[in-house]
There are 2 protein chains.
Amino acid sequence: MYQDNNYKITSCRDCKVKSCAAAVLNINEIDQVNENSREAAFKKGDIILHEGSMTSHIIYLKSGLVKEFQKGSNDKEQILQIVKKHTYLGLPSLFGDRINHYSYAALEDITVCYIDLNIFNRLVRQNGNFAYEILVSVSRDSLNNFHRFMNQSQKKTYGRVADALLYFSKIIYESESFEVPFSRQEFADLIGISRESATRVLTKFKEEGILHLDGRTISVINPDLLQQISKNG
Amino acid sequence: MYQDNNYKITSCRDCKVKSCAAAVLNINEIDQVNENSREAAFKKGDIILHEGSMTSHIIYLKSGLVKEFQKGSNDKEQILQIVKKHTYLGLPSLFGDRINHYSYAALEDITVCYIDLNIFNRLVRQNGNFAYEILVSVSRDSLNNFHRFMNQSQKKTYGRVADALLYFSKIIYESESFEVPFSRQEFADLIGISRESATRVLTKFKEEGILHLDGRTISVINPDLLQQISKNG
DNA sequence: GACATTGTGTGATATCTGTCACATATATTT
DNA sequence: AAATATATGTGACAGATATCACACAATGTC
């Protein structure tokens with residue numbers, strides 16, 4: 001569903017997102033970004049970036065939720081993380097081989113900014129505070145990947161499901177009740193188990209009074225117990 | 001086994017490791033580092049950093065091999081990666097909460113440099129090229145964690161063992177024949193399987209003529225087949 | 001060299017989890 | 001509203017892998 005206003009140019013000076021580059025850039029630098037960036041809107045389900053593609057622009061997520069994923073060699077989709085607004089997408093790829101290692105898809109209607117790669121690189125080298133911000137961001141990404149790795153490596157199905165629920169509850173939605181933006185299959189892909197196993201564990205948790213289930217809406221009743229299950233594998 | 005010359009002060013100006021900070025720092029900056037850093041030697045098996053400790057200094061690995069690991073909640077050791085010389089240890093932790101998330105142990109006799117954290121941070125903000133180098137390093141780390149995660153998530157035992165062998169052969173030792181610096185238990189910890197499974201897969205590979213085994217020395221005979229096994233899970 | 005300690009190989013078994021099969025529920029289209 | 005497609009729940013089963021148990025080898029210690 002392509003729409004005409006999909007690509008509209010706005011001014012970075014007027015951008016209300018103060019957490020982005022603007023916070024540590026001076027007027028001059030912001031204008032540089034402004035002249036070499038554009039805003040774009042995506043509809044729920046749209047693919048923003050496809051793994052394997054070359055990086056030409058940095059993408060900054062202005063609003064909405066995005067899933068970061070990859071298709072394994074066996075064509076199984078593995079979801080790496082859910083990206084919240086005010087985050088740059090795919091930074092590690094930029095400072096590596098410049099090939100995007102992940103795909104990104106919109107989980108809801110979103111807006112992003114495309115920033116020219118050369119400008120971005122120049123700013124990193126020019127503005128130490130900006131570089132530091134980016135370093136913090138990439139570091140967070142690294143630790144996230146590490147966390148996922150440990151989860152996968154040391155936890156069994158129950159622990160992983162518990163972990164995913166806490167992830168949604170505490171980090172993504174910051175609420176005990178939330179609607180998972182995924183089908184059961186996608187939820188399973190997120191934690192690397194089969195759809196059937198995901199279903200079974202969720203109903204088990206429901207039976208044990210740990211949570212309420214109503215379609216894709218989940219209410220965590222006993223987060224402490226979830227925490228314990230997550231911890232003990 | 002503590003020894004007197006464990007901590008000896010040398011000059012960064014004279015440091016022969018040109019790949020480190022020195023490459024992108026000017027004389028003035030190098031002197032700053034020099035005044036706030038020191039060299040140290042560790043014996044094989046020594047712990048260099050313990051997970052959970054606060055970060056006060058950056059550690060640069062000058063020579064030798066180091067294993068990066070973490071003990072899970074179930075006390076099971078998970079080895080994250082083998083770190084080669086000319087690498088900073090634990091960067092992501094520095095730009096995050098400043099708590100070391102990993103432990104590091106020397107796999108052989110090594111030397112490291114301790115660099116004052118404040119100096120390091122100042123340099124990042126001051127020298128864009130230095131910041132960029134660090135960004136590349138952290139990005140590599142992030143992608144490595146991601147790679148490990150995908151391996152864990154999508155591969156079964158055989159694929160993981162094959163992958164580990166290729167890792168040793170191609171990345172760590174760059175040779176078909178090498179002595180694994182690990183016990184079978186540690187080798188298993190590296191890829192997140194049981195000791196017994198590790199043994200079984202290795203002997204299976206031996207029977208199939210993929211490799212030679214002589215204690216901890218492994219010779220890869222058929223790397224192509226290993227590659228295929230790794231790829232197909 | 002004898003002993004203790006630690007590491008390694010290998011079989012038997014239990015458990016966990018993916019796969020298949022199908023019923024039911026929900027969403028979408030006509 | 002009926003029909004079709006898609007998503008979800010649930011049982012039966014097979015296969016993979018951890019665990020347990022123990023024999024044997026290697027290594028370190030006295």
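A, B, ... follow the sequence lines: proteins, then strands. Residue 1 opens every chain.
Judged as a side chain to side chain contact (heavy atoms under 4.5 Å, CB included), and not counting sequence neighbours, the contacts of Glu196(B) are Ser194(B), Arg200(B). Partners of Glu51(B) according to the side chain to side chain contact (heavy atoms under 4.5 Å, CB included) rule, which considers only residues two or more places apart in sequence or in another chain, are Gln70(B), Lys71(B), Ser103(B). Contacts of Ser53(B) classified as side chain to side chain contact (heavy atoms under 4.5 Å, CB included), with partners at least two apart in sequence or in another chain: Leu49(B), Asn100(B). Under the rule for a ring-ring contact (aromatic ring centres under 6.0 Å, His included), the partners of Phe95(A) that lie at least two apart in sequence or sit in another chain are Tyr132(B). Scored by the side-chain hydrogen bond (donor to acceptor under 3.5 Å, both in side chains) test, Ser175(A) finds no partners at all (sequence neighbours excluded). By the side-chain hydrogen bond (donor to acceptor under 3.5 Å, both in side chains) test, His57(B) is found to be paired with no residue, residues two or more places apart in sequence or in another chain being considered. Applying the side chain to side chain contact (heavy atoms under 4.5 Å, CB included) criterion to Ser142(A), with sequence neighbours excluded, gives Pro92(B), Asp141(B), Ser142(B), Asn145(B).
A sub-4.0 Å separation between OP1 or OP2 of dA26(D) and a side-chain N or O of Arg216(B) is absent. Between Thr157(A) and dT17(C), a side-chain N or O to OP1/OP2 separation shorter than 4.0 Å is present.
Of all the residues in residues 206-215 of chain B, not one reaches under 4.0 Å from DNA chain D with any non-hydrogen atom. Residues of residues 181-191 of chain A that place a heavy atom closer than 4.0 Å to DNA chain D, in numerical order, are Ser183(A), Arg184(A).
With rounding to whole Å, Arg160(B) atom CZ is found 12 Å from dA18(D) atom C1'. Atom OH of Tyr158(A) and atom P of dC16(C) are 8 Å apart (whole Å). Rounded to a whole Å, the NZ atom of Lys204(A) is 11 Å from the P atom of dT17(C).
Residues in residues 160-188 of chain A take part in these salt bridge (Lys or Arg N to Asp or Glu O under 4.0 Å) pairs, two or more places apart or across chains: Lys67(A)-Glu186(A), Lys84(A)-Glu174(A), Lys155(A)-Asp163(A). The salt bridge (Lys or Arg N to Asp or Glu O under 4.0 Å) analysis of residues 205-226 of chain A, with sequence neighbours excluded, yields the pairs Lys204(A)-Glu208(A).
Ser169(B) places no side-chain N or O within 3.5 Å of a backbone atom of Leu165(B) that could act as its donor or acceptor partner.
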Short heteroatom pairs, N/O only, protein and nucleotides 19-23 of chain C, under 3.5 Å:
from	atom 1	to	atom 2	distance (Å)
dT19(C)	O4	Arg200(A)	NH2	3.0
dC20(C)	N4	Glu196(A)	OE2	3.2

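Taking each heavy atom of Leu117(A) and Thr55(A) in turn, the nearest pair found is CD2-O, 3.6 Å.
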